[in-house]
Amino acid sequence: MVQPIFVGDVQGCDEEFAELLARAEAQFGSEFELWSVGDLVNRGPENRRPLARVRDLEERGRARVVLGNHEISLLRCWLGLREVSEFDSFQDVLDAPDADEWMEWLRSRQLVCTGQLGRQRFAMVHASVDPSWSLAELERAAHEAQERMRAPIPELRRFLREDPDPREDVLGRLTRARCVGPNGAWSAEEPIGRQRPWHEAWAEQGHDYGIVYGHWAMQGLHVAPWLRGLDTGCVHHGRGRAGALTAWIPDLARERPFDLPDDRFWSIPARRAYYAHRDARS
């Protein structure tokens, strides 16, 4: 049986990612499938290698990946919709002679991947989902956004330039959101006032599917019924915390792997402080 391994935000921390993959190969040989929650790039020192590692596994039928907000930012820079900032580190991808090929590969990736663990259906997204969505509604919304991501360049440029109502911005919700307000709008910021974590509002709906996600480094590892949040801030190591790259290795012997208790996690400690913001001020 092929073991799925879900990995949190890599963000250019290739040494830790390589260690995690070596551990997977040592334990499972070729009998594992990597599921990446996105944000393979940015803020860390090496962006091309994580992309290449995942693409190689994917081409061999052994990986699934969704786009994160940092991949969207990279695409926006490629299209000339934003400038590369002092806090970005993906210039190595943009400067590469095969940059256009990589951008085409990225924009053809999914925004949501679905599957089943034991008897439990699940979706993997980068950041969040609308708390009211069923799994079918999530797949439908993601499909529509994915089609626009794969459109001809002029239409893609229009799509990524748009500033839609946060209640209707599917791409932003899937790749950037952290909290929701009482009016249904989402925010990428930490919850304030009447806002609350998106997954809190989602859990109240009693959905029959699980969600694996990343994006929220400040929150850290989030383990709850039907929910696995895997961003433990590897690239943020040194910003007042210890960062790590985290993977979830669900127990396939269980009919309900999303149930608790669950301690099937790997944590690869960050090698050093990576974050471009820190480096820019050092």
Side-chain angles (χ1 to χ4, degrees), residues 1-66 68 70-71 89 109 113 115-118 120 122 124-126 210-217 219-224 227-238 241-254 257-275:
M1 185 177 298
V2 175
Q3 174 67 55
I5 298 177
F6 297 85
V7 62
D9 301 39
V10 175
Q11 290 196 245
C13 297
D14 186 63
E15 290 183 54
E16 293 83 354
F17 190 37
E19 180 179 337
L20 189 148
L21 290 175
R23 181 172 178 179
E25 291 171 1
Q27 184 160 338
F28 301 108
S30 62
E31 296 301 306
F32 73 89
E33 183 178 51
L34 185 79
W35 290 64
S36 166
V37 301
D39 274 7
L40 288 167
V41 302
N42 211 17
R43 307 286 167 78
E46 179 55 68
N47 298 284
R48 286 173 54 82
R49 287 177 184 165
L51 290 172
R53 293 184 197 280
V54 171
R55 185 173 179 177
D56 176 64
L57 285 169
E58 184 187 64
E59 289 175 349
R60 288 187 278 147
R62 295 180 50 204
R64 305 285 298 277
V65 60
V66 295
H70 286 289
E71 281 84 27
S89 71
R109 298 309 93 197
C113 291
Q116 185 159 331
L117 295 172
Q120 296 178 308
F122 72 91
M124 179 179 69
V125 302
H126 178 64
I211 299 180
V212 182
Y213 69 100
H215 186 59
W216 204 340
Q219 175 183 252
L221 181 64
H222 178 213
V223 183
L227 291 160
R228 298 294 185 272
L230 301 179
D231 186 4
T232 50
C234 189
V235 80
H236 296 284
H237 181 71
R241 75 183 94 170
L245 181 62
T246 294
W248 178 44
I249 302 84
D251 186 354
L252 300 184
R254 300 173 69 178
F258 279 95
D259 286 0
L260 302 184
D262 183 9
D263 61 357
R264 293 177 61 87
F265 299 92
W266 293 347
S267 179
I268 309 297
R271 296 285 199 275
R272 61 179 177 84
Y274 289 120
Y275 188 61

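Residues take their numbers from the sequence shown, with the count starting at 1.
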Kindly give the heavy-atom pair with the smallest separation between [X] and [Y], and that separation in Å.
X: H236; Y: A217; value: CD2-CB, 3.7 Å
X: A224; Y: R228; value: O-NH1, 2.7 Å
X: L230; Y: T246; value: O-CB, 3.8 Å
X: L221; Y: V223; value: CG-CG2, 3.8 Å
X: P45; Y: G12; value: CD-O, 3.2 Å
X: C234; Y: L245; value: CB-N, 3.8 Å

Going from [atom1] on [X] to [atom2] on [Y], what distance comes out if it is rounded to the nearest 0.5 angstrom?
X: D259; Y: D251; atom1: CG; atom2: CG; result: 11.0 Å
X: M124; Y: W35; atom1: CE; atom2: CH2; result: 6.0 Å
X: S89; Y: R43; atom1: OG; atom2: CZ; result: 8.0 Å
X: F17; Y: L34; atom1: CZ; atom2: CG; result: 5.0 Å

*Can you name the side-chain contact (heavy atoms from CB on, under 4.5 Å) partners of P250, sequence neighbours left out?*
Q3, P4, F6, L117, W248, P257
*Which residues pass the side-chain contact (heavy atoms from CB on, under 4.5 Å) test with E46, sequence neighbours left out?*
D14, R48, R49, P50, D92
Is a side-chain donor or acceptor of [X] paired with a backbone partner of [Y] at a separation under 3.5 angstrom?
X: D9; Y: Q11; value: no
X: E59; Y: D56; value: no
X: H222; Y: G229; value: no
X: S36; Y: V65; value: no
X: E58; Y: R60; value: no

*Is it the case that H126 and D39 place a side-chain donor and acceptor less than 3.5 Å from each other?*
yes
*Under the salt bridge (charged side-chain N to carboxylate O under 4.0 Å, His left out) rule, what do R109 and E71 come out as? Steps first, then yes or no, please.*
CA-CA 10 Å; R109 298 309 93 197; E71 281 84 27; over 6 Å; no
_Just to verify, what does F32 make a ring-ring contact (aromatic ring centres under 6.0 Å, His included) with, not counting sequence neighbours?_
none
*asked:* For E16, give me all partners under side chain to side chain donor-acceptor pair (under 3.5 Å), at least two apart in sequence or on another chain.
replied: Y274
*asked:* Among residues at least two apart in sequence or on other chains, which ones pass side chain to side chain donor-acceptor pair (under 3.5 Å) with D231?
replied: none
*Is there side-chain contact between W266 and I5, with heavy atoms separated by less than 4.5 Å?*
yes
*Kindly indicate whether the side chain of V125, heavy atoms from C-beta on, has any atom under 4.5 Å from the side chain of V37.*
no
For residues 18-31, which side-chain donor-acceptor pairs fall under 3.5 Å, sequence neighbours excluded?
| from | atom 1 | to | atom 2 | distance (Å) |
| --- | --- | --- | --- | --- |
| E19 | OE1 | R271 | NH1 | 2.9 |
| E19 | OE1 | R271 | NH2 | 3.0 |

